[in-house]
Enquirer: 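Just passing along the structure, written as structure tokens.
Values below: all heavy atoms of this structure, side chains included; hydrogens, waters and symmetry mates excluded. A, B, ... follow the sequence lines: proteins, then strands. Residue 1 opens every chain.
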Amino acid sequence: MSEPAFKSEFLKTMQARGYIHSITHPAELDAACLKGPITAYIGFDATAPSLHVGHLIQIMMLRRLQQAGHKPIVVMGGGTTKVGDPTDKEGQRPLLTEAQIQANIATIRGTFEKFLTFGDGPTDAIMVDNDEWLSRFGYVEFLREFGVHFTINRMLAFESVKLRLEREQPMTFLEFNYMLMQSVDFLELERRFACALQMGGSDQWGNIVNGVELIRRLDGKPAFGLTTPLLSTASGAKMGKTVGGAVWLNADMRSPYDYWQFWRNTEDADVGRFLRLFTDLPEAEVARLEKLPGAEINEAKKVLANETTRMLHGAEATEAAAKAAEAAFEQGRLSADLPTHEVVGAELEAGILLAALVHDAGLASSRGEARRLAQGGGLRVNDKPEPDANRNVTAADLVDGVVKLAAGKKKIVLVKPV
RNA sequence: GGGGGAAUGUCCCGAGCGGCAAAGGGGGCGGACUGUAAAUCCGCUGGCGUACGCCUUCGUAGGUUCGAGUCCUACUUCCCCCA
């Protein structure tokens with residue numbers, strides 16, 4: 001890959017920090033960024049009430065954009081979500097209702113507000129819903145207006161399509177049209193907000209390029225696309241899948257403590273890369289941290305966890321998470337900031353089946369799993385390995401008013417009678 | 001329209017003479033070793049029950065059989081070839 005020397009602050013930062021996979025017209029975009037504020041967007045689906053860390057790199061790009069004095073647009077896929085993602089194999093999944101989608105968008109908005117400054121100013125971020133325009137088109141109208149600009153020949157040549165066909169995996173007509181819808185999104189944003197740049201993951205390249213060309217052809221306006229590399233950890237695992245499934249960004253779906261832990265457990269080899277991508281720390285500081293030898297790299301991981309958690313959940317929650325972790329891992333003490341699970345005092349007096357308690361506390365997805373965990377030596381009660389999950393936990397197990405349950409070394413829950 | 005194939009443990013891939021809770025991977029979880037890392041090795045990986053056990057799973061619905069993922073019929077979806 002060639003590395004053109006960018007002049008604009010935005011692209012220089014993007015390149016130095018590792019966000020860039022490819023750009024459609026690098027030199028031209030660089031010049032545009034240099035000339036004045038540009039407007040750029042990224043689209044997000046509203047399939048869940050929260051985004052997860054997989055989206056974080058995109059969110060951070062918008063943040064960098066704004067930091068560099070440009071205007072970010074967050075496009076929520078209200079229209080596309082309504083249709084449902086055809087990539088999903090299990091088509092029986094019930095389609096989200098209008099209300100659900102709107103509710104999802106509302107809670108997701110809160111996340112963006114942590115990373116971007118919204119408002120009416122020239123570089124303030126705005127959020128729009130593509131349902132606004134996508135659901136307005138009539139079929140024939142849509143075909144006549146946009147369909148003429150896309151040839152099947154070209155669409156078939158796109159990597160995403162080719163791959164599917166080669167692997168003999170079905171691709172629905174709807175999915176095939178995604179490209180058009182996304183292109184129309186870009187066109188619409190160009191017309192409404194003079195939006196000139198669409199960013200996204202490298203898997204979006206084809207879709208983005210189509211939008212770029214549609215704008216250039218129809219409106220003769222400059223339009224650009226920029227994609228990020230697909231994120232995986234140094235050892236090849238997909239980013240964001242861990243202990244409890246997806247690493248959600250909403251605090252009520254994944255606690256600040258767990259979020260902090262997620263970053264704290266980063267592989268050595270990823271620390272520098274993640275600090276550049278997910279924190280605002282200056283390059284010099286990142287360079288220093290990533291070079292820490294041996295076990296000292298753990299300090300860098302703490303910085304990473306602190307910075308990322310603060311950005312999302314605030315200073316207070318971060319401090320609590322860091323303190324709880326320090327107490328639990330470095331001093332073996334308890335901290336009230338650890339996740340807790342409340343039980344009715346009277347039930348505890350009577351005795352609660354340990355397997356059930358572990359399950360209820362969220363440390364195992366079933367009682368059976370709790371039992372297996374115990375048999376495998378991974379379950380601890382008050383720091384003592386407990387091979388028998390069939391015993392009852394009673395008030396006698398309380399230490400300083402709580403029972404400390406641990407599944408493995410990293411998942412800890414305090415059971416508190418109420 | 002005709003012909004031939006395919007759908008498996010709801011994370012993914014994938015084997016499966018009529019006795020199957022179903023081989024093997026990957027992933028995930030746990031243990032050992034470490035530094036809350038990686039690599040490596042070991043164990044676990046449908047639900048419920050303290051246990052003998054019970055229940056629910058192989059695209060959907062029926063059928064044959066003591067017994068069906070496995071055989072038959074119809075349906076659904078997908079793939080390939082011919083038109």
Side-chain angles (χ1 to χ4, degrees), chain A residues 52 54 86-94 164-175 232-247 257-275 289-306 309 321-333 335 338 351-360 362-380 383-393 405-412:
Chain A
H52 52 78
T87 336
D88 239 38
K89 260 174 93 179
E90 43 225 309
Q92 304 147 330
R93 190 186 57 173
R164 290 290 275 287
L165 295 178
E166 273 163 21
R167 289 156 102 194
E168 301 189 348
Q169 282 173 352
M171 173 165 227
T172 64
F173 183 63
L174 179 74
E175 205 171 351
S232 58
T233 68
S235 48
K238 255 185 222 155
M239 179 85 188
K241 283 253 184 170
T242 31
V243 197
V247 179
Y257 174 82
D258 281 336
Y259 189 72
W260 194 93
Q261 282 297 321
F262 169 76
W263 293 104
R264 175 61 246 265
N265 287 313
T266 298
E267 295 176 27
D268 289 8
D270 288 326
V271 173
R273 200 157 54 103
F274 286 1
L275 281 169
L289 287 170
E290 74 177 334
K291 284 204 197 85
L292 289 174
E296 282 180 47
I297 192 82
N298 282 326
E299 291 310 309
K301 293 183 189 179
K302 284 184 206 166
V303 173
L304 175 65
N306 283 332
T309 308
K323 267 194 193 149
E326 191 187 337
F329 288 104
E330 294 176 23
Q331 296 160 13
R333 275 194 296 107
S335 163
L338 284 169
I352 301 172
L353 186 68
L354 180 55
L357 189 61
V358 170
H359 170 59
D360 293 343
L363 292 174
S365 58
S366 70
R367 294 179 181 196
E369 189 178 312
R371 290 197 179 91
R372 274 181 242 121
L373 183 72
Q375 276 161 17
L379 177 65
R380 270 163 306 157
D383 296 318
K384 277 187 297 238
E386 177 55 80
D388 178 20
N390 292 320
R391 81 173 179 88
N392 277 329
V393 175
L405 292 182
K409 290 185 172 139
K410 300 179 187 175
K411 284 179 289 179
I412 302 166

Enquirer: How many Å lie between NZ on A:Lys301 and P on B:U36, as a whole number?
Expert: 9 Å
Enquirer: With a 3.5 angstrom cut-off on both distances, give the Watson-Crick or G-U wobble partner of B:U57, or none if there isn't one.
Expert: none
Enquirer: Measure from CG on A:Leu379 to C1' on B:G43 and round the result to the nearest Å.
Expert: 16 Å
Enquirer: If you check every side-chain atom of A:Asn265, which of B:A37, B:G35, B:C29 has the closest atom?
Expert: B:A37
Enquirer: Looking across every strand, which nucleic acid part, if any, lies under 4.0 Å from A:Ala407 by heavy atom: base, sugar-phosphate, or nothing?
Expert: sugar-phosphate
Enquirer: Rounded to whole Å, please give me the gap between CG in A:Asn298 and C1' in B:U34.
Expert: 10 Å
Enquirer: If I pick the C1' atom on B:G27 and the same atom on B:C13, what distance separates them, to the nearest angstrom?
Expert: 10 Å
Enquirer: Which heavy atom of A:Glu290 sits nearest a heavy atom of A:Gly272, and at what distance?
Expert: OE1-CA, 3.3 Å
Enquirer: Would you measure the distance from the P atom in B:G19 across to the matching atom in B:A68 and give it in whole Å?
Expert: 11 Å
Enquirer: I want to check something: taking the side chain as every heavy atom from C-beta on, are A:Tyr257 and A:Lys323 in contact at a cut-off of under 4.5 Å?
Expert: no
Enquirer: Whole angstroms only, please: what is the CD-P distance between A:Glu267 and B:G35?
Expert: 18 Å
Enquirer: So which nucleotide does B:U50 pair with, by the Watson-Crick or G-U wobble rule with both distances under 3.5 Å?
Expert: none
Enquirer: Would you measure the distance from the C1' atom in B:G24 across to the matching atom in B:G14 and give it in whole Å?
Expert: 8 Å
Enquirer: Within a strict 4.5 Å, meaning less than it, do heavy atoms of the A:Val271 and A:Ile297 side chains meet?
Expert: yes
Enquirer: Whether the A:Asn306 and A:Trp260 side chains hold a donor-acceptor pair (N or O, under 3.5 Å, no angle test) is what I'd like checked.
Expert: yes
Enquirer: Any base atoms under 4.0 Å from A:Glu296, or only sugar-phosphate, or nothing? Heavy atoms, all strands.
Expert: nothing
Enquirer: Taking the same atom, P, in B:C71 and in B:U8, what whole-Å distance lies between them?
Expert: 16 Å
Enquirer: When rounded to the nearest Å, what value does the distance between P atoms of B:A32 and B:G47 take?
Expert: 24 Å
Enquirer: In whole angstrom, give me the gap between the C1' atoms of B:U77 and B:U45.
Expert: 30 Å
Enquirer: With both distances kept under 3.5 Å, what pairs with B:G1, Watson-Crick or G-U wobble?
Expert: B:C82
Enquirer: Mind checking the P distance from B:G59 to B:U65? Whole angstroms is fine.
Expert: 23 Å
Enquirer: With the side chain of A:Arg264 defined as its heavy atoms from C-beta on, choose the nearest nucleotide among B:G35, B:G31, B:U36.
Expert: B:U36
Enquirer: For A:Lys302, is there an ion pair with A:Glu299 - N to carboxylate O distance below 4.0 angstrom?
Expert: yes
Enquirer: With both distances under 3.5 Å as the test, what is the Watson-Crick or G-U wobble partner of B:C33?
Expert: none
Enquirer: Does any nucleotide pair with B:U70 by Watson-Crick or G-U wobble geometry, both distances under 3.5 Å, and what is it?
Expert: none
Enquirer: Can B:C20 be described as syn, meaning its chi torsion is within 90° of 0, or is it anti?
Expert: syn
Enquirer: What are the two closest non-hydrogen atoms of A:Ala364 and A:His359, and how far apart are they?
Expert: O-ND1, 3.1 Å
Enquirer: Respond yes when some side-chain nitrogen or oxygen of A:Lys302 is under 4.0 Å from OP1 or OP2 of B:A37, and no when none is.
Expert: no
Enquirer: Rounded to whole Å, please give me the gap between CD1 in A:Ile412 and P in B:C29.
Expert: 16 Å
Enquirer: B:C33 phosphate, OP1 or OP2: any side-chain N/O from A:Lys409 under 4.0 angstrom?
Expert: no
Enquirer: Expressed in angstrom and rounded to an integer, what is the separation of A:Leu275 atom CG from B:A37 atom P?
Expert: 18 Å
Enquirer: Of the non-hydrogen atoms in A:Phe329 and A:Lys410, which two are nearest, and what is the gap between them?
Expert: CZ-CA, 3.8 Å
Enquirer: If you assign A:Gln261 and A:Gly378 each to the RNA chain B nucleotide with the nearest heavy atom, which residue ends up on the more 5' nucleotide?
Expert: A:Gly378
Enquirer: What is the pairing partner of B:A7, taking Watson-Crick or G-U wobble pairs with both distances under 3.5 Å in any strand?
Expert: B:U76
Enquirer: Rounded to whole Å, please give me the gap between CH2 in A:Trp260 and P in B:U36.
Expert: 11 Å
Enquirer: Can you give one letter per nucleotide of nucleotides 44-50 of chain B, going 5' to 3': B for a protein heavy atom under 4.0 Å from the base, S for sugar-phosphate only, - for none?
Expert: SS-SSSS
Enquirer: Search all heavy atoms of A:Ala370 against all heavy atoms of A:Ala355 and return the closest pair with its distance.
Expert: CB-O, 3.7 Å
Enquirer: What interatomic distance, in whole Å, is found between P of B:G25 and the corresponding atom of B:U73?
Expert: 36 Å
Enquirer: Return the pairing partner of B:A22 with a 3.5 Å limit on both distances, Watson-Crick or G-U wobble; otherwise return none.
Expert: none
Enquirer: Salt bridge between A:Asp388 and A:Arg391, side-chain N to carboxylate O under 4.0 Å?
Expert: no
Enquirer: Going by salt bridge (Lys or Arg N to Asp or Glu O under 4.0 Å), name the residues that satisfy it together with A:Asp268, two or more places apart in sequence or in a different chain.
Expert: A:Lys301
Enquirer: In whole angstrom, what separates A:Phe329's CZ from B:U34's P?
Expert: 18 Å
